[in-house]
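Just so it is clear, the values below take in all heavy atoms, side chains as well, and ignore hydrogens, waters and symmetry mates. Residue numbers begin at 1 in each chain, while the letters A, B, ... track the order of the sequences.
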Amino acid sequence: MDCNNFFVSCERTVRPDLEKKPVLVLSNNDGCVIARSNEVKALGIKMGQPFFQIKELVKRHGIHCFSSNFILYEDISHRVMQLLEQFAPNPEIYSVDEAFLHLPDDTSRLRQIGIDIVKTIDQQVGVPVSVGIAPTKTLAKAAADIAKKDARYHGVACVDTPEKIATLQSMLPIGDVWGIGRRYAKFLISNGILTAKDFVDKPQQWVRRHMSVMGEKTWRELQGEPCFEYNRSPEKRQQIMVSRSFASVITTFEALREPVALFAASAAHKLRQQGMVAAQIEVFLSNGRFPADNAAKVWQSTIVSFATPVSNTTEITNAALLGLKSIVSKSVKYKQAGVVLRSLSHQEGIQADLFDTIDHDKHQKISAVMDRINQSYGRNYLRLAIQATESPSRQEMLSSKQPTRPDERNKKKH
DNA sequence: TCTGGGGTCCTAGGACCC
DNA sequence: TCTGGGGTCCTAGGACCC
């Protein structure tokens with residue numbers, strides 16, 4: 001199950017008047033396009049296209065633009081995923097707008113289940129979705145893609161016989177295959193492989209040699225042999241990153257502290273939600289992907305380790321600021337910063353360091369209390385004084401004042 | 001003037017062990 | 001002149017995903 005133009009569809013649930021109108025959603029810092037309505041796709045605007053390049057088009061066609069509002073998208077995502085439970089237990093939530101479901105073997109009912117999924121989510125959440133049904137994840141993804149693009153499918157494509165698999169293979173451009181990215185697509189096309197069918201016609205050894213085990217699995221999946229497991233309860237995260245580009249350059253340690261403290265607090269909060277602790281934090285700074293004045297690219301980073309793994313905001317923020325101080329240098333025009341929590345483990349069963357003198361328990365309790373208060377009164381209602389109060393990024397086109405308090409969100413919903 | 005922010009897995013090579 | 005053969009763990013970098 002794949003939501004169509006997900007972020008755009010989310011904005012439209014709040015603004016039903018934008019149905020059939022051109023709508024797009026921008027990345028953080030209002031940098032590039034990350035979601036497009038069908039009307040915007042028809043105008044030739046590409047995924048990931050820088051916003052400044054299309055300002056003329058936006059004006060000319062009256063395109064409605066939104067800064068991304070992930071609180072809204074996650075809220076709607078959660079409701080969609082909950083509805084899926086009625087159709088198959090334990091859907092695998094693959095991303096904010098996609099899930100895999102393990103359907104019953106009874107092939108006569110498959111298509112009807114797909115139709116019911118599309119109808120239910122449309123009626124109860126107001127988001128259009130596509131469903132692809134097939135024996136492997138790779139084929140199901142391709143089927144959902146076709147169901148999305150061709151209105152004759154009414155949102156559901158079922159690829160459940162060898163003949164249908166063969167047809168799908170020959171229709172599918174190699175670059176559209178799940179697992180074949182830009183690099184491999186270029187390589188394969190230069191070898192005369194244009195469709196999924198051309199690809200599966202290659203010997204397995206050749207695929208293994210040039211594309212390693214992942215490519216080989218894709219090759220087998222395209223032929224109906226499942227290689228990517230249905231993962232009911234995905235393992236816990238291996239890292240948690242929070243990073244942002246700045247609306248304008250920052251050049252001093254003093255000015256960098258606030259956003260970095262904000263990132264650290266946000267990462268620590270995500271960590272606690274997962275019930276995990278981190279043994280390391282990485283801090284990084286950069287002057288962006290496109291440095292001003294032809295300056296050389298700068299990427300500075302450092303790792304700070306904790307004697308005992310932690311999840312509390314105070315210790316994690318302190319470590320982040322310590323790391324920041326050690327890498328920041330004068331005369332760099334910083335455009336981006338971030339923190340990454342690494343070496344994660346489950347909270348229970350952590351080893352205390354023998355020579356550790358910090359009262360972690362106190363800090364953990366403070367963070368737990370802060371989480372409870374912020375749960376009721378809104379994100380960052382209670383925070384460390386060093387922390388920035390606002391995102392350092394540009395967000396000039398938010399659809400509404402972000403709903404921060406759960407009770408406000410509910411009011412809106414009902 | 002203006003170009004996102006998260007994640008995953010695999011491989012090769014080096015450090016180190018016995 | 002001649003210098004083994006196994007491992008494991010970690011990291012960086014490259015590929016991919018949404």
Side-chain angles (χ1 to χ4, degrees), chain A residues 1-7 24-35 45-56 58 65 67-70 73-74 77 92-100 137-138 141 144-145 175-188 208-218 221 227-229 231 234-249 263 266-267 270 274 279-280 282 284 286-293 297 299 301 303 305 333 335-344 391-397:
Chain A
M1 188 276 329
D2 198 344
C3 299
N4 303 347
N5 317 333
F6 184 57
F7 299 163
L24 59 77
V25 174
L26 296 166
S27 65
N28 249 300
N29 216 29
D30 295 341
C32 15
V33 178
I34 55 169
I45 292 175
K46 296 277 181 283
M47 188 72 171
Q49 194 160 6
F51 185 50
F52 71 88
Q53 288 178 0
I54 57 166
K55 282 197 169 157
E56 270 306 303
V58 166
C65 304
S67 302
S68 37
N69 182 350
F70 283 98
Y73 310 153
E74 270 156 24
S77 171
E92 177 190 336
I93 298 168
Y94 177 72
S95 74
V96 70
D97 70 332
E98 271 175 81
F100 291 104
K137 286 182 169 179
T138 305
K141 288 273 290 181
D145 242 30
D176 290 358
V177 174
W178 190 47
I180 307 288
R182 278 233 306 276
R183 292 297 292 266
Y184 282 146
K186 199 175 162 202
F187 165 75
L188 292 170
R208 173 65 189 245
R209 190 163 67 243
H210 290 100
M211 301 170 69
S212 104
V213 298
M214 294 301 278
E216 190 183 14
K217 283 184 177 176
T218 297
E221 282 245 328
C227 296
F228 301 124
E229 304 251 311
N231 202 351
E235 296 88 72
K236 298 288 184 176
R237 303 222 170 295
Q238 311 212 345
Q239 60 170 51
I240 290 172
M241 168 153 82
V242 177
S243 129
R244 289 287 181 280
S245 295
F246 306 139
S248 49
V249 295
F263 303 158
S266 166
K270 289 186 192 179
Q274 304 267 326
Q280 293 185 317
E282 177 178 357
F284 65 85
S286 110
N287 58 356
R289 287 193 296 158
F290 305 91
D293 319 323
K297 272 193 204 173
W299 175 273
S301 77
I303 293 177
S305 298
K333 293 178 171 169
K335 272 293 279 183
Q336 189 195 11
V339 304
V340 188
L341 296 172
R342 295 184 192 282
S343 301
L344 308 187
S391 165
S393 301
R394 196 178 356 254
Q395 285 182 301
E396 290 171 347
M397 288 160 277

Base, sugar-phosphate, or nothing: which does [X] touch, judged by heavy atoms less than 4.0 Å apart?
X        : answer
A:Val177 : sugar-phosphate
A:Phe6   : nothing
A:Val96  : nothing
A:Gln53  : nothing

Could you tell me whether the phosphate oxygens of [N], OP1 or OP2, come under 4.0 Å of any side-chain nitrogen or oxygen in [X]?
X        : N      : result
A:Ser245 : B:dG5  : yes
A:Gln336 : B:dT3  : no
A:Lys335 : B:dT3  : yes
A:Gln239 : B:dG6  : no
A:Arg237 : B:dG6  : no
A:Lys141 : C:dC18 : yes

Exercise. For C:dG4 and B:dC17, measure between their C1' atoms and round to the nearest Å.
Key: 14 Å
Quiz item: What is the base-pairing partner of C:dC16, counting Watson-Crick and G-U wobble geometry with both distances under 3.5 Å?
Solution: B:dG7
Exercise. Return the orientation label for the A:Trp178 and A:Phe228 ring planes: parallel under 30°, perpendicular over 60°, tilted otherwise.
Key: perpendicular
Quiz prompt | Length of the line joining A:Lys217:NZ and B:dC9:P, which is rounded to integer Å | solution = 10 Å
Quiz item: What is the distance, rounded to the nearest whole Å, between atom CZ of A:Phe70 and atom P of B:dG5?
Solution: 10 Å
Quiz item: Pick the nucleotide of DNA chain B nearest each of A:Ser243 and A:Ala247; which residue has the one closer to the 5' end?
Solution: A:Ala247
Exercise. On DNA chain B, check which nucleotide each of A:Ser212 and A:Ile240 is closest to and give me the residue with the more 5' one.
Key: A:Ile240
Quiz prompt | Short N-O contact, A:Lys137 and A:Glu221, less than 4.0 angstrom | solution = no
